[in-house]
Amino acid sequence: MSTGALPGFRDFYPEQFAQRAWLFERWRDVARRFGFVEYDGPPLEPLDLYTKKSGDEIVGQLYNFEDKGGRQVALRPEMTPTVARMVAARANALRKPVRWFSIPQLFRYERQQKGRLREHFQLNVDIFGESDVAADAELLAVACEIMRACGLGPDDVVARVSDRRLLTALVRGAGVADEAIPAVFAAVDKIERESQDALVKKMTDGGVPASAAGRVLELVRASDVEQLRTEYAGDGEVIAALERFDAYAELLGAHGVRDYLRLDLTIVRGLAYYTGIVFELFDAKGEFRAVCGGGRYDNLLAALGGVDMPALGFGLGDVVLGELLKARGKMPSGAAAIEFWVAPVETTHRLSAIEVARRLRADGLSVEYPLKAQTLSKQLKAAQAAGARRVVFVGDAFLERGEVEVKDFATGQQQASTLHLLALRAQEHA
RNA sequence: GUGGCCGUAGCUCAAUUGGUUAGAGCACCGGACUGUGGCUCCGGGGGUUGGGGGUUCAAGUCCCCUCGGUCACCCCA
């Protein structure tokens with residue numbers, strides 16, 4: 001075997017590149033319709049940008065090295081520290097709320113597995129400077145509309161949503177001390193991967209009373225709004241959190257994406273910095289990893305940049321979404337397609353054919369013609385292979401009257417036309 | 001970083017279980033069907049059987065190492 005790309009990295013041949021471009025177009029289109037503007041930052045950052053936030057242990061997951069100037073650097077594994085720095089640097093000058101998005105290529109040094117490579121593209125959508133729950137709803141609406149733009153409806157994708165404040169209130173209400181709450185979060189985060197006994201032990205080791213541990217797991221698994229409302233009727237903190245979720249759901253109804261929504265208190269998100277509503281999008285059949293994840297992290301900018309500003313955002317990678325779309329038959333083939341193949345009828349018409357191609361190209365149409373002398377039979381085959389919709393025959397009629405014959409592959413019909421009419425018709429169909 | 005499974009042409013797979021020069025379909029290139037595609041037919045290029053070492057008269061096949069793929073664990077931007 002010849003040496004291919006590095007492990008976990010991808011070559012994008014035109015077919016794959018077309019699919020990637022198709023995805024990016026949908027991401028950008030939806031983000032712009034929601035008023036978000038695009039930014040970017042450096043793909044290479046100082047290593048301590050990540051160790052300050054996540055600790056030294058993440059270095060093992062990073063593509064890091066020492067550059068020729070002796071600096072410790074890393075290929076960016078996530079966009080959040082970069083965007084936090086950028087926003088913090090101009091915190092006072094930026095119009096609030098800040099609505100930004102980016103499509104960075106991110107890197108991690110890990111063994112690859114299904115849905116996780118060492119490199120991927122991730123749409124990042126963030127809102128800074130707004131603490132109202134309407135911002136949370138706006139954010140999830142963007143994610144859901146992107147699913148819809150890719151052909152994935154509420155039957156294909158579910159948005160599992162939780163609120164760390166609600167979970168915290170429930171846990172307190174069950175009699176757990178504040179110091180033990182992180183242990184509860186850690187256990188709930190693993191609820192699908194570990195046994196009941198292991199989860200309970202994890203919590204009791206963290207100072208959670210055994211009775212409360214079992215109760216919390218029950219409540220989280222049920223994730224039933226009405227049950228919580230009746231059982232915690234006297235608990236103001238829980239009721240307030242439930243009311244916030246009601247408002248959130250109502251807003252999503254107005255956004256037209258409520259059918260995607262499902263309260264699911266097992267969603268915690270691994271990162272410690274989330275402070276409010278958190279969510280993950282999954283395929284409805286549960287075959288794949290999370291397609292998208294995010295939430296509110298109101299304290300992060302203060303921690304990273306010293307600027308106190310509420311913030312929320314999500315990341316949506318190209319790998320899992322691409323796998324899901326392919327599995328559901330929603331991903332276009334990526335096959336090349338052009339508008340016209342210009343065919344010189346005889347070799348004496350080659351210069352005329354190039355002139356015809358030039359004029360169609362000037363009208364913005366995609367045009368190919370044979371770069372060597374070929375019989376018409378060959379040209380028609382080549383035209384099909386190139387994905388041409390129509391063939392323009394350039395012969396004596398062009399020299400005499402400026403006319404060409406146009407054959408439409410879809411209908412098989414052929415008729416005489418002038419170049420002007422040809423360009424007009426093609427643009428109408430485009 | 002740890003473990004399971006798997007590496008034969010660009011792709012999907014054969015090779016009588018250790019036995020001549022590793023084959024086929026698809027794809028690609030060329031040709032025939034003699035001014036109009038899809039079909040059909042003919043031909044061609046393309047492999048250090050991932051790489052290295054070992055056992056053997058003989059290795060794609062058995063053994064070891066290594067690299068890569070894949071799935072899971074760890075972790076989760």
Side-chain angles (χ1 to χ4, degrees), chain A residues 1-11 13 15 45 49-51 53-55 57-63 74-84 102 104-124 126 186 189-190 193-194 267-274 278 280 287-290 292-295 297 300 313-320 323 335 341 343-349 372-396 405-415:
Chain A
M1 280 297 149
S2 59
T3 308
L6 285 168
F9 286 77
R10 298 170 287 175
D11 286 328
Y13 285 84
E15 189 180 328
E45 291 276 20
L49 182 65
Y50 305 110
T51 54
K53 175 187 151 207
S54 309
E57 59 276 14
I58 69 148
V59 174
Q61 323 264 5
L62 297 179
Y63 250 102
L75 291 169
R76 60 187 174 195
E78 56 166 326
M79 201 57 175
T80 304
T82 300
V83 70
S102 188
Q105 188 174 22
L106 305 178
F107 306 86
R108 63 176 148 230
Y109 198 87
E110 285 183 338
R111 270 204 169 183
Q112 66 167 312
Q113 52 187 297
K114 185 178 172 61
R116 300 194 78 187
L117 306 174
R118 286 182 167 179
E119 146 276 321
H120 72 150
F121 291 91
Q122 188 188 64
L123 171 68
N124 276 249
D126 293 278
D189 193 33
K190 298 261 189 284
R193 288 195 293 272
E194 291 187 13
I267 298 296
V268 173
R269 305 281 298 152
L271 294 173
Y273 59 67
Y274 287 105
V278 290
E280 293 186 354
E287 292 172 29
F288 299 89
R289 296 170 179 281
C292 167
Y297 45 95
L300 188 69
F314 71 78
L316 166 63
D318 69 314
V319 178
V320 177
E323 285 175 352
W341 178 278
V345 174
E346 301 283 354
T347 53
T348 52
H349 301 120
K372 64 180 177 185
Q374 278 186 318
T375 64
L376 283 181
S377 174
K378 275 273 189 234
Q379 290 198 53
L380 284 160
K381 283 176 186 161
Q384 275 219 295
R389 293 185 201 172
R390 302 180 189 81
V391 174
V392 181
F393 295 97
V394 179
D396 290 337
E405 292 273 324
V406 184
K407 183 186 187 77
D408 188 309
F409 272 134
T411 63
Q413 289 182 341
Q414 183 171 326
Q415 57 184 356

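Residue numbering restarts at 1 for every chain, and letters A, B, ... go by the order of the sequence lines. Remember, predicted model here, so these are calculated numbers, not experimental data.
- Evaluation of the side chain to side chain donor-acceptor pair (under 3.5 Å) rule for A:Glu323 yields no partner, not counting sequence neighbours.
- A:Gln379 places a side-chain N or O within donor-acceptor distance of the main-chain N or O of A:Pro344, the cut-off being under 3.5 Å.
- For A:Tyr297, the ring-ring contact (aromatic ring centres under 6.0 Å, His included) criterion is met by A:Tyr273, not counting sequence neighbours.
- Nucleotides B:rC57 and B:rC71 place their P atoms 43 Å apart, quoted to the nearest Å.
- Not counting sequence neighbours, the partners of A:Tyr109 by the ring-ring contact (aromatic ring centres under 6.0 Å, His included) test are A:Tyr63.
- Between B:rG50 and B:rU61, the distance separating the two P atoms is 8 Å to the nearest Å.
- A:Gly317 comes within contact range of no nucleotide atom at all, as no heavy-atom separation falls under 4.0 Å.
- At whole-Å resolution of the value, CG in A:Leu376 and P in B:rU36 are 7 Å apart.
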Provide a list of protein-nucleic acid N or O atom pairs under 3.5 angstrom, restricted to nucleotides 28-33 of chain B.
residue	atom	partner	partner atom	Å
B:rG30	OP1	A:Lys372	NZ	3.0
B:rG31	OP2	A:Lys378	NZ	3.2

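- Comparing A:Asp408 and A:Tyr109, the nucleotide of RNA chain B nearest to each residue sits closer to the 5' end for A:Tyr109.
- To the nearest whole angstrom, the two C1' atoms, one in B:rG43 and one in B:rG35, are 25 Å apart.
- If you measure from atom CG of A:Leu380 to atom C1' of B:rU36, you get 5 Å, rounded to the nearest angstrom.
- The C1' atoms of B:rA15 and B:rU21 are separated by 14 Å, rounded to the nearest whole Å.
- Residue contacts shown for A:Tyr13 are absent, as no nucleic acid heavy atom lies under 4.0 Å away.
- Here the separation of B:rC76 from B:rG7, taken at their P atoms, is 35 Å to the nearest Å.
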Original post:
Tell me, for nucleotides 68-75 of chain B in 5' to 3' order, what letter each nucleotide earns: B for a base near a protein heavy atom under 4.0 Å, S for only sugar-phosphate near one, - for neither?
Top reply: SSSSSBBB
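- Distance CD (A:Gln379) to P (B:rG38): 14 Å, rounded to an integer number of Å.
- One C1' atom belongs to B:rG46, the other to B:rG3, and the distance between them is 38 Å to the nearest Å.
- Listed by chain and number, the residues in a side chain to side chain donor-acceptor pair (under 3.5 Å) with A:Thr82 are A:Glu45 (sequence neighbours excluded).
- Taking A:Gln122 as the reference, A:Leu106, A:His120, A:Asn124 meet the side chain to side chain contact (heavy atoms under 4.5 Å, CB included) condition, with sequence neighbours excluded.
- Note on A:Tyr50: nothing from the nucleic acid sits closer than 4.0 angstrom, heavy atoms only.
- With sequence neighbours excluded, the residues that form a side chain to side chain contact (heavy atoms under 4.5 Å, CB included) with A:Lys378 are A:Gln374, A:Thr375.
- Annotation: side chain to side chain donor-acceptor pair (under 3.5 Å) contacts of A:Gln113 (sequence neighbours excluded): A:Arg289.
- Residues that satisfy the side chain to side chain donor-acceptor pair (under 3.5 Å) test with A:Gln105, not counting sequence neighbours, are A:Glu119.
- In this entry the distance linking CH2 of A:Trp341 with P of B:rG38 reads 15 Å, nearest Å.
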**OP:** Represent RNA chain B in dot-bracket notation, 5' to 3'. Only Watson-Crick or G-U wobble pairs with both distances under 3.5 Å count; pseudoknot-style crossings use [ ] and interstrand partners use |.
**Re:** (((((((..((((.....[...)))).(((((.......))))).....(((((..]....))))))))))))....
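- In this structure, the side chains of A:Pro77 and A:Phe107 stay at 4.5 Å or more apart for every pair of heavy atoms.
- With sequence neighbours left out, A:Glu405 forms a side chain to side chain contact (heavy atoms under 4.5 Å, CB included) with A:Phe393, A:Gln414, A:Ala416.
- Here the side chain of A:Asp318 pairs a donor or acceptor atom with the backbone of A:Phe121 at under 3.5 angstrom.
- Annotated as syn: B:rU17, whose O4'-C1'-N torsion sits within 90° of 0.
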